[in-house]
Structures are given as C-alpha cells and as structure tokens.
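Written out below as structure tokens is the structure these notes cover.
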Amino acid sequence: MAREVAGRPPEETLSLWKREQALLKGRVVDRDTEAWQRDPAFSGLRRVGGVDVSFVKGDSVSACASLVVLSYPELEVLYEDCRMVSLTAPYVSGFLAFREVPFLVDAVRRLREKEPHLMPQVLLVDGNGVLHHRGFGVACHLGILTDLPCIGVAKKLLQVDGLENNALHKEKIRLLQAGGDTFPLMGGSGAILGMALKSHDHSTKPLYVSVGHKMSLEAAVRLTRGCCRFRIPEPVRQADIRSRDYIRRTLGGPGPPRTRAGEEPEGAETRGGPQGRLRRAGR
DNA sequence: GCGACAG
DNA sequence: ATCTTGTCGC
C-alpha cells in the first residue's frame with residue numbers, strides 16, 4: 001500500500017526542529033578525538049561504518065534503513081543490517097535528520113547490543129555535517145545521538161551561507177586533477193564549512209565532505225578518500241546497494257510476489273531473519 | 001511566476 | 001530519494 005506522508009510540516013514543527021538542532025549543535029566536537037585519526041596511515045583504525053536509507057518507489061513512507069561495517073583498509077563487509085521502516089516525517093531540506101536519523105540510531109543500538117565488537121570506529125553518512133543551513137546536518141545529528149565520530153559525505157553541494165554551484169564553483173571542479181585533490185568551501189563568515197573532494201582520478205563530480213562529529217575536516221577528507229574504490233566511498237556505497245537490494249528482494253523483482261496474502265507462515269523471513277544479518281563476512 | 005531543493 | 005537500457009570508454 002503506497003502511503004503518503006504529510007506534505008510540509010507546520011511552521012511550529014519546523015521551529016521545534018530548529019530549536020532541537022541549535023541545542024544539539026552545542027555538543028558537536030570538530031576536532032580529532034581518537035589516536036588513529038592523527039596517524040598518517042590511520043593505523044589503529046579497523047572498522048568503518050556506513051549508513052543509508054533507500055525508498056520504495058511509489059511510496060514516501062516505506063523505506064529500508066541500513067548500516068554496514070567494513071574492515072579498514074581492506075574495505076570488506078563485516079556486518080550488514082537492513083530493516084524495513086515506516087517514515088513519519090517528510091523530507092524538508094535542512095531537516096533530513098528528522099526523517100532518517102531515528103532509524104539509523106536504532107541500527108547502531110542493535111549492533112551495540114548484539115555485536116558490540118563490530119562497532120565501527122567512525123561512520124560515513126550520506127548527507128552533510130556542519131555544511132548545513134544551521135551548521136547541524138544529519139551527520140552531526142547522528143554523531144551526537146550515537147557519540148560516534150561521523151563524517152558527512154554529500155553528492156551535491158548544499159547551497160548555504162553564500163556557497164553557490166555557480167560558474168566559479170564549476171571551474172574549480174574542472175581544475176581538480178587527480179583523485180584526492182580538493183578545494184575548500186568557505187562560508188560567508190570566512191569559515192571553512194567543508195571540502196570538495198575528487199574521490200578518484202576519473203570522477204567528474206566531486207564529493208562534498210564536512211565534519212559530522214569527533215573528527216577534524218582534514219582527517220575526514222583523508223579518510224573519505226581512503227574509503228573510495230569508486231566515486232562513492234565503500235561504506236556508504238555498500239549501505240546504499242544493500243538497502244536497495246533488500247527492497248528489491250522484499251517487494252520488487254519479477255514474478256509473483258514472494259508472499260501472497262494468506263500464504264507464508266507468520267513472521268519468519270524467507271532469508272535469514274528480519275535484518276538479513278551477517279552475510280559474506282570478510283576474511 | 002521563478003528559482004531552489006542534502007536525501 | 002526515484003523514474004531507467006544501452007552505450008561509450010578504459
């Protein structure tokens with residue numbers, strides 16, 4: 001049943017959300033807090049997490065929230081948790097966290113309870129950190145709620161605080177040479193809000209990296225680069241691929257629906273549990 | 001009416 | 001976010 005979530009929240013709700021962001025923003029730490037973050041080779045870093053939420057096409061409510069954990073530097077998947085969820089908040093630019101973050105926090109909590117030894121040492125988040133209307137994007141929000149170092153990795157420039165995807169910006173992109181090349185994204189106040197990063201040699205579009213929590217921008221950019229086999233860093237890419245795959249296996253796909261009304265015994269999932277646990281463990 | 005718009 | 005196959009290039 002394709003449901004629709006309420007259109008745009010009333011101003012009163014947005015006002016409450018802004019207050020919440022302002023409150024939590026005060027707790028963001030934009031410095032390196034872990035020893036591995038300052039090491040040239042990130043020695044000591046063994047697990048990197050990625051999160052994403054994918055949607056069912058004609059439906060703005062049903063989605064799959066996923067959390068994956070990869071080994072570093074091998075980038076092999078060690079853990080996967082995909083779960084169908086019902087979103088309650090609509091997407092409003094600047095308030096993405098209120099739509100997606102509760103389910104990502106749930107995923108982290110499940111991991112903490114069931115496989116604490118696989119807890120990632122940092123999370124790469126699909127979206128922005130401090131590169132945000134009020135300096136508190138989804139990567140900051142998730143970082144504060146989980147107390148994990150987080151990095152915001154966006155695929156498009158969020159045009160805030162004077163930043164514009166204009167001719168000058170496009171020219172700077174064109175001038176990026178090799179993978180790893182960057183240029184700073186300076187806000188109106190003069191502060192560096194994030195970095196545009198050419199994630200690999202033949203990528204046209206850069207990634208927009210910003211601090212989420214418990215990490216410096218320099219380390220965030222360097223680690224993001226270290227996680228890229230393709231344009232999108234592996235943790236986020238795997239979370240995306242697996243969440244979309246989970247939806248396809250659950251609803252989409254050719255042939256008759258896997259679970260026609262009245263068949264298939266109660267509850268039990270066809271493929272190893274509601275969360276599609278641990279598969280293809282690396283090493 | 002026009003432009004903006006992370007996911 | 002999603003709608004979507006083949007196709008061009010290394």
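Atom set for the values below is all heavy atoms of this structure, side chains included, hydrogens, waters and symmetry mates excluded. As the structure is a prediction and not an experimental result, all values here were calculated from the model.
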Touch class at under 4.0 angstrom, heavy-atom based, for A:V92 against every strand present: nothing

Backbone of A:P206 reached by a side-chain donor or acceptor of A:R231 within 3.5 Å: yes

Touch class at under 4.0 angstrom, heavy-atom based, for A:H202 against every strand present: nothing

Lys/Arg N to Asp/Glu carboxylate O, A:D126 vs A:K155, below 4.0 Å: yes

Pairwise P distance for C:dT5 and B:dC2, with rounding to whole Å: 33 Å

Integer-rounded Å distance: B:dA4 P and A:N165 CG: 10 Å

Nearest-nucleotide pick for A:Q159, side chain only, options being B:dC5, C:dA1, B:dA6: B:dC5

A:K155 side-chain N/O to B:dA6 phosphate OP1/OP2 under 4.0 Å: no

Protein-nucleotide distance (A:D126, atom CG; B:dG7, atom P), rounded to Å: 6 Å

Atom pair distance, as rounded to whole Å: CZ in A:R134 and P in B:dA6: 13 Å

Shortest side-chain distance from A:K156, nucleotide among C:dT2, B:dC5, B:dA6: B:dA6

Side-chain H-bond candidate by donor/acceptor type, A:D52 with A:S66, under 3.5 Å: no

Integer-rounded Å distance: B:dA4 P and A:L163 CG: 15 Å

Side-chain donor or acceptor of A:S203 paired with backbone N/O of A:S199 under 3.5 Å: no

Atom-pair distance (OH on A:Y208; P on B:dG7), nearest Å: 11 Å

Between B:dG7 (P) and A:R244 (CZ): distance, integer Å: 13 Å

Sugar-phosphate only, base, or nothing, as touched by A:F98 at under 4.0 Å among non-hydrogen atoms: nothing

Sugar-phosphate, base or nothing in reach of A:G94, heavy atoms under 4.0 Å: base

Ring-base stacking, A:Y91 with B:dG7 (5.5 Å, 30° cut-offs): yes

Spacing of the C1' atoms in B:dG3 and C:dT4 (rounded, Å): 27 Å

Whether A:W17 and A:F98 hold their rings parallel, tilted or perpendicular, with breakpoints at 30° and 60°: parallel

Length of the line joining A:L96:CG and B:dA6:C1', which is rounded to integer Å: 6 Å

Selection from B:dG7, B:dA6, C:dT2 that lies nearest to any side-chain heavy atom of A:K57: C:dT2

A:L207 CG - B:dG7 C1' separation (whole Å): 15 Å

